[in-house]
Protein chains: 2
Amino acid sequence: MASITANHPISGNPLISFRPKNPFLQTQTLFNFKPSNPKHSNSSFSVPIVRCSIRRRPEYTPNHIPDPNYVRIFDTTLRDGEQSPGATMTTKEKLDVARQLAKLGVDIIEAGFPASSEADLEAVKLIAKEVGNGVYEEGHVPVICGLARCNKKDIDKAWEAVKYAEKPRIHTFIATSEIHMNYKLKMSRDQVVEKARSMVAYARSIGCEDVEFSPEDAGRSDPEFLYHILGEVIKAGATTLNIPDTVGYTVPEEFGQLIAKIKANTPGVEDVIISTHCQNDLGLSTANTLAGACAGARQLEVTINGIGERAGNASLEEVVMALKCRGEQVLGGLYTGINTQHILMSSKMVEEYSGLHVQPHKAIVGANAFAHESGIHQDGMLKHKDTYEIISPEDIGLNRANKSGIVLGKLSGRHALQAKMLELGYEIEGKELDDLFWRFKSVAEKKKKITDDDLIALMSDEVFQPQFVWQLQNVQVTCGSLGLSTATVKLIDADGQEHISCSVGTGPVDAAYKAVDLIVKVPVTLLEYSMNAVTQGIDAIASTRVLIRGENGHTSTHALTGETVHRTFSGTGADMDIVISSVRAYVGALNKMMSFRKLLAKNNKPEGSAVI
Amino acid sequence: MASITANHPISGNPLISFRPKNPFLQTQTLFNFKPSNPKHSNSSFSVPIVRCSIRRRPEYTPNHIPDPNYVRIFDTTLRDGEQSPGATMTTKEKLDVARQLAKLGVDIIEAGFPASSEADLEAVKLIAKEVGNGVYEEGHVPVICGLARCNKKDIDKAWEAVKYAEKPRIHTFIATSEIHMNYKLKMSRDQVVEKARSMVAYARSIGCEDVEFSPEDAGRSDPEFLYHILGEVIKAGATTLNIPDTVGYTVPEEFGQLIAKIKANTPGVEDVIISTHCQNDLGLSTANTLAGACAGARQLEVTINGIGERAGNASLEEVVMALKCRGEQVLGGLYTGINTQHILMSSKMVEEYSGLHVQPHKAIVGANAFAHESGIHQDGMLKHKDTYEIISPEDIGLNRANKSGIVLGKLSGRHALQAKMLELGYEIEGKELDDLFWRFKSVAEKKKKITDDDLIALMSDEVFQPQFVWQLQNVQVTCGSLGLSTATVKLIDADGQEHISCSVGTGPVDAAYKAVDLIVKVPVTLLEYSMNAVTQGIDAIASTRVLIRGENGHTSTHALTGETVHRTFSGTGADMDIVISSVRAYVGALNKMMSFRKLLAKNNKPEGSAVI
């Protein structure tokens with residue numbers, strides 16, 4: 001069990017979060033499948049009762065898990081997920097996600113790829129200092145991991161960032177499939193083995209006792225070569241061996257067999273943890289991950305909502321809920337340390353920050369996943385809830401809208417709002433609370449019924465905004481099919497000075513954005529624009545998201561291909577007026593981009609220059 | 001091989017589509033994975049070359065497939081998919097989807113649940129007459145299937161609808177799990193067996209020679225009971241036995257074993273086709289479906305984009321592409337008759353009509369699935385395409401934007417537009433072409449560069465609209481944070497009369513919708529509202545979608561629960577002005593709802609009354 005100290009020995013930072021150890025806090029709710037009623041049954045057959053045992057998370061040692069049935073969850077939302085198109089997050093956003101992952105009970109948080117840019121390095125360092133020293137439910141302290149290619153500079157950067165965590169890990173990788181060695185690395189097998197061996201040893205030599213190694217594109221690698229290189233890195237000090245199906249190419253039986261063969265044929269494998277990392281190109285990532293676990297993998301690499309490059313990764317919620325629902329019955333008694341009641345909030349936060357929306361029919365977290373319960377599509381109640389529902393919505397933290405006790409109206413005060421937000425899972429105070437309260441009042445004056453979803457949308461808009469450079473004061477628009485759209489915009493800069501501008505455009509948003517551009521004077525390209533009403537009814541709050549790319553600078557290095565990629569920045573806005581919410585989103589994205597610029601200016605070098 | 005006749009013997013309709021048989025038309029492109037370069041390899045190991053053999057679709061006999069490796073694809077987008085929340089389609093939309101499915105090469109199209117409402121019955125009948133007698137590539141005529149619960153009225157309705165097809169099928173089902181028999185049916189095992197046996201026999205007795213039977217919730221049923229009931233329905237004349245994992249509960253090994261056990265233990269099973277139907281509640285539907293196929297199932301039930309209730313069904317594109325990419329290597333040589341180059345168009349059409357959007361990281365058809373190719377996120381070219389791409393975008397019909405030869409400008413004429421649309425896969429003429437041309441010109445005047453995506457958005461807006469009752473002429477709006485939003489709307493009714501109205505609202509859309517309501521005078525509830533810019537840049541075309549529910553009538557019967565469900569209606573609109581696109585979408589949804597009303601009035605009875 002992690003000891004609770006007042007200050008971290010390396011960072012010297014005070015520990016930011018402490019809750020008393022309570023064995024009941026993380027109690028997994030029983031999976032609510034009920035056995036058939038014996039009165040109605042005319043056979044001895046009945047579906048077994050599914051129960052998830054209440055177990056403590058075993059103590060953490062890098063290369064060993066005391067309980068053979070415990071499976072570690074390694075979340076790479078902030079690394080693999082964040083490098084997917086448009087998903088760039090600010091440091092503040094990454095820190096929020098990392099805190100949420102810790103609360104969720106993730107064992108290892110891969111916080112980023114520090115060598116990709118200065119911004120990434122700073123974000124990983126901050127997460128290592130804060131979340132890597134926080135003590136969460138049941139005394140849990142997550143491992144903080146940084147990715148590094150097999151070279152000293154990458155490994156140094158990763159260590160520079162993660163060393164502040166109580167449990168730091170470096171994750172290094174090199175490709176081992178013929179196609180990657182030939183065309184990407186242009187290295188022989190022997191050269192690849194030597195590189196892997198020496199770099200794992202180097203990571204150990206600089207003080208990191210927890211080193212993960214991945215043979216990239218393992219799914220298409222020669223198994224014999226895999227056993228050899230993995231044996232060598234074990235000798236060099238690797239503690240976890242991760243087997244990625246980089247191109248999402250394998251089918252479950254095949255991937256399970258690969259894991260089993262690696263466990264059977266790799267010298268020294270009994271002293272390390274085997275891990276899976278499955279891409280979803282053929283829609284098989286969850287099944288492949290579970291097949292890997294059944295074959296002996298005890299670390300599963302996943303992302304929230306399954307985000308990631310191309311078709312993404314195995315999704316945390318699917319893998320964890322499958323283990324929770326079927327672990328005892330058909331998956332060898334495997335279990336995780338995840339508190340599933342935080343799944344939905346984690347999903348919403350990642351959807352908001354990454355801008356990668358979740359389809360309505362996404363398993364576990366999609367809007368329709370529990371639609372039988374919504375009351376919209378049915379007149380009567382189902383005769384028995386379990387006829388069509390295998391997971392209880394409450395298990396993933398989905399509580400029915402407006403079920404909670406406090407009802408807000410336009411006369412509600414600041415304390416009522418704060419209490420309500422706490423009920424919804426948000427702890428806010430100070431300026432954040434003031435700002436939210438002000439906006440709550442303006443909505444309450446126009447809208448009869450304020451739903452939980454309305455509040456959450458306003459909360460996202462207010463709290464998830466980056467630090468502002470520019471702030472929207474007013475916007476006024478005339479538009480329609482009868483004439484030219486015209487917009488007038490008033491922005492306030494960081495010094496409190498007002499700037500007013502007007503412009504015509506092809507539509508109201510075009511006109512308003514052009515007016516903003518006239519004030520802000522930073523050339524950007526709008527890549528995506530989308531909007532959703534978050535609540536039912538015509539007077540709903542609309543939530544807008546935009547994605548922009550600056551025309552200058554802002555690059556980082558792609559972990560796998562080594563290419564320079566352009567950063568893109570998303571912004572969100574919420575309002576009852578779609579033009580206002582659109583402008584808020586655009587100004588938010590501009591602010592996000594400018595906060596990266598300020599970071600660059602502070603560090604006095606162009607972003608991305610840290611990479612060899 | 002289906003014979004080609006001038007008129008169908010039952011419907012008397014002329015055959016609507018005929019293309020000469022050409023064995024090369026449906027040639028599957030070779031999967032473009034290349035073997036490792038022997039020059040760089042230092043081992044004898046190399047990834048085998050994947051080749052899909054060019055095979056003809058075997059002749060159709062309900063209970064037998066001459067080639068043991070051929071797997072039938074049964075698409076239930078129009079039945080299971082369409083009953084998911086908000087996915088209601090009009091008859092015209094269903095017919096469009098059915099035609100596209102036939103083009104795609106689907107073996108069996110489940111066109112609907114005729115007993116659920118008069119509208120459903122009419123749609124299935126129309127599809128049976130038109131698509132069920134159409135001759136597609138390589139002489140393919142799809143089977144048209146209608147769903148029926150185990151009762152005579154349902155079966156009569158299904159037969160009334162599908163009998164016009166050249167190859168009609170009735171699909172009947174009853175639940176066999178203890179929980180469903182006890183709580184939903186309140187029937188004993190013997191009663192359930194007798195019901196199933198007698199209703200399959202009834203379906204055969206009225207002239208249907210192709211009868212599918214499903215034991216609902218098979219995944220949670222007692223296997224011994226399954227063997228028994230399935231044996232009985234085989235004796236009664238069932239030709240296909242479908243095994244549904246109704247609650248998405250099983251894991252692949254378990255589901256594969258279930259199929260294998262059914263094949264081993266059911267009396268008479270050698271004379272029928274076994275089928276899978278996997279829900280996706282734990283994210284395992286694709287893997288379960290493939291496991292079923294490997295265990296001997298030769299019909300796979302899927303939907304486009306994996307839509308369906310809750311977390312949806314196994315998705316056609318994932319199952320088919322997995323079989324295409326890995327069939328020869330690791331899936332026992334199984335293959336399908338799908339022409340994968342029509343996958344993307346099918347996906348877009350279903351997304352448009354069902355309103356169930358696809359997440360960017362959806363496997364195969366998501367916007368990011370081939371993002372490595374997009375040119376936005378990378379500076380250089382990858383050193384070797386296959387390092388990260390296992391499927392070629394062209395294999396699913398994804399051609400790079402603006403790659404096609406014809407470039408349109410504001411001086412382009414009607415013929416150039418028609419030719420361009422044909423290049424993009426749309427055949428249009430007559431009034432549709434005129435309307436599209438008019439809108440194309442108005443966009444071309446404002447926008448420098450007209451992309452393929454712009455055209456497709458306008459096309460969707462124009463062609464995918466329901467028959468209009470009301471048409472939007474003009475809208476003018478003033479809005480913003482400085483004052484009350486005010487909208488003026490001019491609509492034209494079916495008789496060509498103009499109606500003008502104005503309203504204030506909390507935002508521009510609220511104001512405009514209220515103005516529309518003042519004219520149309522039909523009480524509705526707005527359930528969802530969303531918008532996307534379909535192209536990059538601030539002068540992009542915005543595509544809006546709304547979902548409404550009328551406050552009166554419009555119900556149908558849910559196939560599984562038997563409950564009455566409220567129909568909801570979606571509408572889409574596209575314009576460079578988001579307010580105009582929003583109003584177009586709303587008017588479209590109202591028109592869709594009213595076209596259902598007109599159908600009701602024609603049939604002189606309340607919708608849904610057909611159901612017992």
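Quick note on labels: first sequence line is chain A, next is B, and so on, each numbered from 1.
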The interface call for P252(A) against chain B, heavy-atom contacts under 4.5 Å, is side chain
Sorted by chain and number, sequence neighbours left out, salt bridge (Lys or Arg N to Asp or Glu O under 4.0 Å) with E253(A) holds for none
Interatomic distance, CD@Q476(A) vs OG@S485(B), rounded to 0.5 Å, equals 8.0 Å
Looking only at heavy atoms, the pair that brings V579(B) and P508(A) closest together is CG2-CG, 4.0 Å
To the nearest 0.5 Å, atom NE2 of H361(B) lies from atom CG of L356(A) at 6.5 Å
Highest number of heavy-atom pairs under 4.5 Å with chain A among V477(B), V358(B), T286(B) belongs to V477(B)
Under 4.5 Å to a heavy atom of chain B? For E317(A) that would be neither
Scored by heavy-atom pairs under 4.5 Å with chain A, the best of K490(B), K362(B), H357(B), E318(B) is H357(B)
Max heavy-atom pairs within cutoff under 4.5 Å with chain B, candidates P360(A), C294(A), G312(A), goes to P360(A)
Discussion item. For a side chain to side chain contact (heavy atoms under 4.5 Å, CB included) check, start with the C-alpha distance between T506(A) and D577(B), then their side-chain angles and the critical distance, and finish with the verdict.
Written reply: CA-CA 7 Å; T506(A) 55; D577(B) 182 321; over 6 Å; no
So CZ of R310(B) and CG of N368(A): to nearest 0.5 Å the spacing works out to 11.0 Å
Assert top hit (heavy-atom pairs under 4.5 Å, partner chain B, pool V365(A), L282(A), T478(A)) equals L282(A)
The interface call for I364(A) against chain B, heavy-atom contacts under 4.5 Å, is both
Greatest number of non-hydrogen atom pairs under 4.5 angstrom with chain A, of A311(B), G366(B), G507(B), S582(B), falls to A311(B)
When the 4.5 angstrom heavy-atom criterion is applied to I580(B) and chain A, the contacting part is side chain
Bottom line for I307(A): the part with an atom under 4.5 Å from chain B's heavy atoms is both
Sorted by chain and residue number, the side-chain hydrogen bond (donor to acceptor under 3.5 Å, both in side chains) partners of N280(B) (sequence neighbours excluded) come out as S285(B)
Closest heavy-atom pair, V330(A) versus E254(B), reported as atoms and distance to 0.1 Å, is CG1-OE2, 3.6 Å
Taken to the nearest 0.5 Å, the spacing of D281(B) CG from M321(A) CE works out to 11.0 Å
When the 4.5 angstrom heavy-atom criterion is applied to L284(A) and chain B, the contacting part is side chain
